[in-house]
Amino acid sequence: MMQELRKERLDRGIKVRADSIYAISSLKEIMFLMGPGLILVFGLLVLPAVVSPYWQRVLCIAGVYVLLSISFGFLANYVGLVCLGGALFVGVGGYLSGILNAYFGLSPLLAIPLATVAGAFICTLLLLPCLPLRGVYFAIISFVYPLLAGRLIAATGVFGGTDGIAELDVLTNKWVNIYLIFILILVVVFGISRLVNYEDLGLVFRGVKDNEQAITASGLNITFYKAQAVFIGAALGCFGGAYLSHLYGWAGMSLFAIDFSILPVAATVVGGSGILYGPLLGAFLLIPISEALRAFGTLRIVFYAIVLVFFVVFWTEGVLEYVRRKYEQFEHWVRV
Amino acid sequence: MNKELLLQVKDLCKSFGGVKAVNNVSFDLYRGDIMGIIGPNGSGKTTLNNLITGFIKKDSGKVYFKGKDISSWPAYKIVDAGLARTFQLLRPYPTLPAFKNLIPPLYSPRARRTSRGKLGDRAAVSIDILEEVGFERDARVPYKLAGALPLGYLKRLELCRCLALKPELIICDEVFSGLSMSEIASMVPLMERLQREGITLIMVEHRLRELFKIANRVLVLNFGEKITEGSPQEIFNDEKVKEAYFGGGETYVFS
Amino acid sequence: MELVIYGIINSVSLILMSIGFALAYGVSRVPNFAHGALFILTGYITWIFLYQAGLPYALAVILSLIIIALIGAALYQLILIRVRGMPISEIIASFGVGLAILELLRWAGLRGMTYMLPPFMKESLNIAGVPVSYHRVIIVGAAMIMLFFLWYFTHYTKPGLALRAIAQNERAALVLGIDSDRAATVAVSLGAVLAGLAGVLLLPLGNIVVEMGYEVLVFAIAVSVCGGLGSWKGAVVASFLIGFAQIITVTYLASHYHFVVALLIIIIVLITKPSGLYGRQKELEERV
């Protein structure tokens, strides 16, 4: 007779004890709870300092994608808006910062924050009429905006047309460049995870996602709160764009490239949705891999696409969920 | 009559495709009353409720709340004006503890206004509200996940969501349905207390016996049209109502 | 006059490009975002048969359509079937497959002027003083025949009716003993054939380039969204709307606006009438 086996998963004792705040009794348990967070913090702060300048630059660009992925994950998981507008955010932020710097002579350190806020405002305004749309429809429309913007710039030739705005000031200090984005990522990650888990506004956002009628029946204007969430998401993307344009010293049409819309999705799929850290992990995995594969030319996009399909179809939990399971539970086969 | 006119519904119409779900319904509601809306299944009670609260767009007709025409207002604004409602299909946040379900309404502009900025800690306030309506019997219940609560508590939770807004009028969509006799028995005094506190109620109900005990006026709908309106005693003896419910038969359900 | 004739031709091309997408979505509720890739792939396979294998043109076309039908069926059976009912996953998975196909073709060297299919007939004729090549006439004729066939198929044949039943009420159809997965396989496969047919018909007008694959996808989405996702009557009307809008802007503005117009129409339609021109009430609820 065939022996039937079943995989049994049990929470580790330390997880059970550490789950409830009252039961923490040792340094070990505190470390168990805080370990992942500490690894994240030290990883982000130490990693850029120890790699070669080439990889530092790669990490800076990866940072932008991380911000976009967090923005995507936040909007999709906690507000219920599948927003493929990453390219729109990056483009608007990048161009705004470029314009402020090149035409008005603002220094990057002033242009970037200004472009972040103003860009987020513009993006929110653009997306405002589509906010009542759901799911796929919002995704389509937010995906179309950056395509449209890129084509419009090419067709009308504003802001330097296809050449873009060249010779922007760059942040000369390498460390400012690196830690500007990495510290921001940390602030954003912990800020958003606090927002959605502990703040009342975060509860409202989650209500908007899975309980629209209850939110309306509570006298809250759904569109207003969706707009707030989009503003937060857009601000992250706009910062990324503004930062990127000063990293390259150039703001051009490639800021509206669909990569900025697609990659956050890929990062979320690979890293694991549901938790905020999933997209972050996914982006940090994907960008360096993509850099390492640069030699293969367009074949790396094929590789990307296959990985994406694999994760979406066969390994839906994503990497982070898998790691978390291993961290919190032990598994063994039992006979049925 | 010297009571203040709170809600006035005039010639409300709504059709879905060819079906007239609500057809020319009009009624007046005075402050402090409890009005029951009854009718057989599919008579348009819930649709009427949705129309008044703005969750469905009306074809024609007017709704006045405190003298203001709210016919074309979006749903959230109507709630903001003080007209709250519960849902027949319960809509809690299943993955949140019960008391956190009340945070969104407490976060709303209306709640902030009515509390005049002295809201304090929203979590504490929401537990207070929950205890007022009957969660006090077991101190742990407010901390349980809403998805794990029994139906009776969920119905109360729905009501709490309205109470958190400090409304002037609550439209209750079948709060009694699906509850056991003892649960209903404990809900009735709650409703009466709300009335004493000055909240006007509209109760869309199937449970006629309990409804007739507490309602001042009853409105009867059938096939989307208002058949009659009157005091519970009048409705009880009305031939048209019996006919609508039973096609003119015995009235054993009432006893 | 020129405007009208080229408007019609352009609109019919849009119908061809989008009808497969609209059909697959309307029937199996699977948004097949690999649509543009299948379009290009068919052209490429035909090219291989024609020039590498030296087959006659007609045979090459028929063979490549058969192959693309199998690829479509495989796409559903191997991949999409596992993410059925999760719209976002369906889109990501099918788009991923399309992306992989297109970029693989690009890597294999599909760019520039190298790959061209010959037009079916080289001569042209005059319609009201406007020269129109026979190939374009064939396109219009083929589209008409195809539309008629589709209408007949979905209204009067058993598999076609089964497909529509699934589209309207999947549960009721299951109760009636219609195999939902088999119907969806047929739908995706048919959608792939339609995409391939469009490829074979339209690609001889230009080069086989990868960018075209993305453009076809965007046009297909534009037409389907505008007409109401899944409604192929709406898709036809929307094709004419977008087709003429494009030709008009190209004539009076500049040629690079024709993509902008398609995108603008998506945005305007979704904002003003989210269910599209022919979308039904049910879809409206899903969207808004």
Side-chain angles (χ1 to χ4, degrees), chain A residues 76 80 82 84 126-157 161-162 212 222 258 261-262 265-266 268-270 273 296-316, chain C residues 25 31 34 37 78-83 86-108 111 210 214 218 221-222 224-225 229 253-272 274-276 283 285-288:
Chain A
V82 182
L84 298 181
L126 282 174
L127 290 172
L128 199 59
C130 343
L131 286 179
L133 295 174
R134 275 198 205 143
V136 177
Y137 304 92
F138 187 78
I140 291 178
I141 210 160
S142 57
F143 186 70
V144 163
Y145 262 120
L147 288 178
L148 182 67
R151 298 271 170 163
L152 268 181
I153 287 176
T156 56
T162 43
E212 276 195 19
I222 290 204
I258 54 167
S261 298
I262 301 286
V265 184
T268 307
V269 166
V270 170
S273 59
F296 292 94
T298 60
L299 201 59
R300 76 195 164 115
I301 303 182
V302 179
F303 164 78
Y304 252 155
I306 292 171
V307 167
L308 191 57
V309 173
F310 172 77
F311 269 95
V312 142
V313 176
F314 299 101
W315 195 7
T316 43
Chain C
Y25 186 78
L78 296 180
I79 294 179
L80 293 180
I81 200 170
R82 293 164 199 271
V83 286
M86 297 176 276
I88 300 300
S89 298
E90 283 169 354
I91 291 179
I92 295 174
S94 59
F95 185 75
V97 171
L99 196 66
I101 293 175
L102 282 176
E103 294 301 325
L104 200 63
L105 288 177
R106 196 202 292 274
W107 179 73
R111 55 177 104 88
V210 170
Y214 294 111
V218 171
I221 294 173
S224 307
V225 162
L229 272 182
L253 268 169
S255 66
H256 38 241
Y257 277 103
H258 88 129
F259 203 71
V260 172
V261 169
L263 299 177
L264 261 182
I265 286 180
I266 295 187
I267 292 179
I268 293 170
V269 167
L270 274 184
I271 289 174
T272 53
S275 58
E283 285 163 344
E285 280 168 18
E286 286 165 14
R287 289 176 189 207
V288 178

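So you know, we letter chains A, B, ... as the sequences are listed, proteins then strands, and number each from 1. These numbers were taken from a predicted model, which means no experiment stands behind them. Computation of the quantities below employed the complete heavy-atom set of this structure, encompassing side-chain atoms and omitting hydrogens, waters and symmetry-equivalent molecules.
Closest approach of Gly96(C) and Ala305(A) over heavy atoms only: O-CB, 3.2 Å. The minimum heavy-atom distance between Ala93(C) and Val309(A), with the atom names listed, is O-CG2, 3.5 Å. Residue Val83(C) comes nearest to Val312(A) through the heavy atom pair CG1-O, 3.7 Å, listed as atom of the first residue, atom of the second, then distance. Of all heavy-atom pairs between Arg151(A) and Leu263(C), the closest is CG-CD1, 4.4 Å.
Heavy atoms of Val313(A) lying under 4.5 Å from chain C belong to its backbone as well as its side chain. Contact annotation for Leu78(C): only backbone heavy atoms (N, CA, C, O) come within less than 4.5 Å of a heavy atom of chain A. Neither the backbone nor the side chain of Leu102(C) comes within contact range of chain A; no heavy atom of the residue lies under 4.5 Å from a heavy atom of that chain. When heavy atoms are compared at a cutoff of 4.5 Å, Val307(A) does not approach chain C at all.
Taking Phe95(C) as the reference, nothing meets the ring-ring contact (aromatic ring centres under 6.0 Å, His included) condition, with sequence neighbours excluded. Residues satisfying the side-chain contact (heavy atoms from CB on, under 4.5 Å) criterion with Ala149(A), sequence neighbours excluded, are Phe256(A).
Rounded to the nearest 0.5 Å, atoms CG (Leu104(C)) and CD1 (Ile306(A)) are 7.5 Å apart. Between the CD1 atom in Ile262(A) and the CG atom in Leu99(C) there is a gap of 7.5 Å [rounded to 0.5 Å]. We find the CD1-CZ distance between Ile91(C) and Phe143(A) to be 10.5 Å, quoted to the nearest 0.5 Å. Here the straight-line distance linking atom CD1 of Ile221(C) with atom CD1 of Ile140(A) works out to 5.5 Å at 0.5 Å rounding. Rounding to the nearest 0.5 angstrom, the gap separating the CD1 atom in Ile79(C) from the CZ atom in Phe310(A) is 11.5 Å.
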